[in-house]
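Numbers restart at 1 for each chain; the letters A, B, ... are given by sequence-line order, proteins then strands. Please read these numbers as outputs of a predicted model, since none were measured by experiment.
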Amino acid sequence: MPLQLYNSLSRRSEVFTPLDPQRITVYLCGPTVYNYVHIGNARPAVVFDLLVRLLRREYPRVVYARNITDVDDKINAAAQTAGVPIAAITQRYAAAYREDIARLGVAVPDVEPCATAHMGPIVAMCERLIASGHAYAAAGHVLFDVARFPDYGRLSGRSVEEMIAGARVEVAPYKRNPADFVLWKPSPPDLPGWDSPWGRGRPGWHIECSAMVETHLGETIDIHAGGIDLQFPHHENEIAQSTCAHGGKVFARYWLHNGMLTLDGRKMSKSLGNVLLLHDLLQQHPPEVLRFVLMKAHYRQPLDWSDAAVQQARATLDGWYGVLRDLGEVDAPALADADPLWAGHGGLARLHAALSDDLNTPEAFVAMANLAGNARGAVSATIEHKRDAKAALLAAGRLLGFLQQDPETWFRQTAAGGSVDAAHIESLIAQRNAARAARDFARADAVRAELAALGIAIEDGPRGTRWKVATP
RNA sequence: GGCCAGGUGGCAGAGUGGUCAUGCAGCGGCCUGCAAAGCCGCCUACGCCGGUUCAAUUCCGACCCUGGCCUCCA
C-alpha cells in the first residue's frame, strides 16, 4: 500500500515518491512563541508527527524540521509589556511548547530551528534575491517583487490581480506593487534588530522559513506542511522566495495543510480570543485523550473541540484499555516495524492501509475498533490467541501513539494526573468484601458509597474486586 | 465582493453508483446480592430541487446554509 498524500499544490491525491529515498525531508511551520499555544496549534504537530512515523517505517532516513518563530511583532509587544528582553519570552514559551507537545506523544523533531539563529542565511537570501532582480531595497526595507515570479498565487489559487483587488490593507508607498511583501524591515532602537546591508532591522515573517529550510533540508524538499490558514500568504511567499533564490528549482514537492480547529464552529485563534490552551487542557485530561480528539477527524477537515468530544475520546480509550487490563497477565511481544504480521494480520494491514491513504485516521480508528474487538474476544480464548491479539492491538496503538501505558495506571489516574491513596481504597474494599461474605449488603453498599464519595468506582469480577478512578 | 472547502443517523465521523462504516450515547435482554465491566440484540443518515442512469447519499447543474482565506494566525 503506497503512501498517498493530498497535495495542496495539485489539489489532488498523489502517490508519495521521494526525491531521494535515502533522505526524506519534511518541514512543518511551528508556533510563534509569545504565549502558551492553544489546542489548535497542537493539531499540525500531532498529525504531521504521525506522517513522520509512517515515513520512518518506510525509509531509512527522514529529516524532519519543525521551526519555532522567535522574532515577531507580537513577541516584541509581549516583551515590552513585561519589560523583559524578547528572549525571556521566547525561551519560556518555547520550552513550554516542547514540554506540552511531548506529553501528547509527539516525538522531538530532528531539527527545531529558530529564526534568531539564522540571521546570516536570512540576510544572505535577501541579498541573493536582490542580486537576481526578484527583490528590491526601499526605505530601509527589502521587498519581494511579485511581478518577477509568474507562479505567484498558484498554491492558494489566486491571481495577483485578485489579491490587489481584495486588499484590505493600506499599501505602503515604497512598494512597486501592492502585493509585494516584506523580506526585511527596519527596527527602531527600542526593538530587536540585526545589522544588515540595509541598516539595523529584522526579518519579515516568511523569509525565516525559506532560510531555515535551505539551511537544514536543502533547496528542494519533499514535504512542507502547516495549517491551511498559512497557505496564503505565508506559504505562497515561501515558494516565491525560495524558488527565486534557487534559480527556479522546485521548493517543496508536496504541500500538506491541516484544517482548522474550531470552538463552537468558529476558528480557534489567538486574535479571536476563543482559545483553549494546551497547557491548561493537560491539567484537566489525560494527554492521550487530547491526542485522540485531535486525530478523530481527518486532518484536512475542520475539527470542532467540545467537552462531548473529549468525553467520547475518554470513553473509547477506556474501552481499549479495558481490553488490555483483561489481558494484563498475557505477555505479548512487541512487534517490530518490519514484522510480517503488519501485512499478514487483517487488522494491522487495515490500519496501515488507512494511514497510507492520506492519513485517514477515522478509518484507522475503525481498524483499532476491530483489533480491540478481536482482543476482547481473545480474553476467553487460548493463550496463543491472547498473545497474538494483544500484540496486534499494542502494535497498532504504538503506531497511532496510544495504549503504551499500564492499564491499571490508566484507570487509576486522576484528572490532574495526581495519585490516589491506594492503600486506603484497598482497605475499604476489604471491609466491603468482608461484609459481602457475611451477606451484610447494607454494609457493603455503604462502603461502596464511601468509595464513590472518594471518586472511586469498583467492579466485582471473578477474580475479585477491582477499582478505578470514576470518570464523571 | 473574490477564491476555496464542507453540509451524513441523538452526538462525533469515514466512505461508496446497487449487501455492513465505525465509535460514543440510548433502548431491550443475559450476567450480577446490587452495581460496573462484558456479552447478545435493536434504533435513527446521507441539506434542497432538478438532471444523467436499470439504479445516486455517491456523478452533473442550480439553489440554500456553514466554515476558512483574502490582515497576524496551526
Q: Look at all strands and tell whether A/L261 reaches a base, only sugar-phosphate, or nothing, counting heavy atoms closer than 4.0 Å.
A: base
(Q) Is the ring pair A/H206/A/F181 parallel, tilted or perpendicular, if the boundaries are 30 and 60 degrees? (A) perpendicular
Q: Give none if B/G1 has no partner; otherwise give the nucleotide forming a Watson-Crick or G-U wobble pair with it, both distances under 3.5 Å.
A: B/C70
Q: For B/A12 and B/G26, measure between their C1' atoms and round to the nearest Å.
A: 15 Å
Q: Using the C1' atoms only, state how far B/G15 lies from B/U71, rounded to an integer number of Å.
A: 37 Å
Q.
What contact category does A/L272 fall into here, base, sugar-phosphate, or nothing, at under 4.0 angstrom with non-hydrogen atoms?
A. nothing
Q) Can you check whether A/N360 has a side-chain N or O nearer than 4.0 Å to OP1 or OP2 of B/G15? A) yes
Q: Determine the contact category for A/A297: base if any of its heavy atoms lies under 4.0 Å from a base atom, sugar-phosphate if only primed atoms, P, OP1 or OP2 are that close, otherwise nothing.
A: sugar-phosphate
Q: Write down the distance separating the C1' atoms in B/C20 and B/G9, rounded off to the nearest Å.
A: 15 Å
Q. Donor-acceptor pair under 3.5 Å: do we get one between A/R300's side chain and the base of B/G67?
A. no
Q) Which pair of heavy atoms, one from A/L50 and one from A/L399, lies closest together, and at what distance? A) CD1-O, 3.5 Å
Q | Watson-Crick or G-U counterpart of B/U58, or none if no pair lies under 3.5 Å | A | none
Q. B/C27 pairs with which nucleotide, Watson-Crick or G-U wobble, both distances below 3.5 Å?
A. B/G41
Q.
Using the C1' atom as the point on both nucleotides, what is the distance between B/U16 and B/G50, in whole Å?
A. 23 Å
(Q) Within the 4.0 Å heavy-atom criterion, would you say A/A315 contacts the bases, only the backbone, or no part of the nucleic acid? (A) sugar-phosphate
Q. Has the side chain of A/D445 got a donor or acceptor that lies under 3.5 Å from a partner of the other kind on the base of B/G33?
A. yes
Q: For A/G226, report the nucleic acid contact type (base, sugar-phosphate, nothing); a contact means any heavy atom under 4.0 Å.
A: sugar-phosphate
Q.
Closest approach to the side chain of A/F232, judged atom by atom: which nucleotide of B/G13, B/A74, B/C69 is it?
A. B/C69
(Q) Taking 4.0 Å as the cut-off, does a side-chain nitrogen or oxygen of A/K267 come that near to OP1 or OP2 on B/C69? (A) yes
Q.
Please give the distance between the P atoms of B/G47 and B/C11 as a whole number of Å.
A. 14 Å
Q | Separation of the P atoms in B/C54 and B/A62, to the nearest angstrom | A | 24 Å
Q: Indicate yes or no: does A/R98 engage A/E112 in a salt bridge with an N to O separation below 4.0 Å.
A: yes
Q. Under 4.0 Å between a side-chain N or O of A/R266 and OP1 or OP2 of B/G67?
A. yes
Q. Which of the following nucleotides, B/G13, B/C70, B/C24, is nearest to the side chain of A/P362?
A. B/G13
Q: Name the nucleic acid region contacted by A/T316, choosing base, sugar-phosphate or nothing; use a 4.0 angstrom heavy-atom cut-off, strictly under.
A: sugar-phosphate
(Q) Closest-nucleotide mapping onto RNA chain B: is A/R466 or A/R448 further toward the 5' terminus? I mean the 5' end. (A) A/R448
Q | Gap in Å between the two C1' atoms, one belonging to B/A45 and one to B/U22, rounded | A | 14 Å
Q | Minimum heavy-atom distance A/A396-A/L371, with the two atoms named | A | CB-CD1, 3.4 Å
**Q.** Between P of B/C69 and NE2 of A/H234, the distance in whole Å
**A.** 15 Å
Q) When we call it a touch if two heavy atoms are under 4.0 Å apart, what does A/G259 touch: a base, just sugar-phosphate, or nothing? A) base
**Q.** Atom-pair distance (OH on A/Y93; C1' on B/A74), nearest Å
**A.** 19 Å
Q. Is the charged tip of A/R412 near the ring of A/W467: under 6.0 Å from the six-membered ring centre and within 45° of its axis?
A. yes
Q) Using a cut-off of 4.0 Å on non-hydrogen atoms, how would the nucleic acid contact of A/M368 be classed: base, sugar-phosphate, or nothing? A) nothing
Q. Nearest to the side chain of A/R158, which nucleotide is it out of B/G68, B/C70, B/A74?
A. B/C70
Q: Measure from the side-chain heavy atoms of A/H298 and tell me the nearest of B/U22, B/A74, B/A14.
A: B/A14
**Q.** Between P of B/A74 and CZ of A/R43, the distance in whole Å
**A.** 15 Å
Q | Opposite nucleotide pairing with B/C63, Watson-Crick or G-U, both atom distances under 3.5 Å | A | B/G47
Q) Does A/D190 CG have over 12 foreign heavy atoms under 6.0 Å away? A) yes
Q. Has the side chain of A/D460 got a donor or acceptor atom sitting under 3.5 Å from an opposite partner on the base of B/C34?
A. yes
Q.
What I want to check is whether an N or O donor and acceptor connect the side chain of A/Q312 with the base of B/C11 at under 3.5 Å.
A. yes
Q) Which listed nucleotide (B/G6, B/G33, B/C70) is nearest to the side chain of A/Q301? A) B/G6
(Q) Nearest heavy atom decides the nucleotide; on that basis, is A/A308 or A/D318 closer to the 5' end of RNA chain B? (A) A/A308
Q) So what does A/G40 touch, heavy atoms closer than 4.0 Å: a base, only the sugar-phosphate, or nothing? A) base
**Q.** Atom pair distance, as rounded to whole Å: CG in A/D72 and P in B/C72
**A.** 10 Å
Q: Could you state the atom-to-atom distance from CH2 of A/W255 to C1' of B/A5 in whole Å?
A: 19 Å
(Q) Measure OH/A/Y321 against C1'/B/A36 and give the value in whole Å, please. (A) 21 Å
Q: Take the protein atom OH of A/Y299 and the nucleotide atom P of B/A5, then report the distance between them rounded to whole Å.
A: 14 Å
Q | Aromatic plane relationship, A/Y27 with A/H224 - under 30° parallel, 30 to 60° tilted, over 60° perpendicular | A | tilted
Q: Ignoring backbone atoms, establish whether A/K270 has a side-chain N or O less than 4.0 Å from OP1 or OP2 of B/A74.
A: yes
Q) For A/L54 and A/S356, which heavy atoms make the closest approach, and how far apart are they? A) CD1-N, 4.4 Å
Q. For A/R432, which contact category applies under a 4.0 Å heavy-atom criterion: base, sugar-phosphate, or nothing?
A. base
Q) Hey, what's the ring geometry for A/Y152 with A/F149, parallel, tilted or perpendicular (30° and 60° as the breaks)? A) perpendicular
**Q.** Interatomic distance where CG belongs to A/L371 and P belongs to B/G23 [whole Å]
**A.** 12 Å
Q. Which whole number of Å gives the distance between the P atom of B/U19 and that of B/C46?
A. 15 Å
Q: For the side chain of A/F441, starting at C-beta, report the closest nucleotide among B/G33, B/A74, B/G23.
A: B/G33
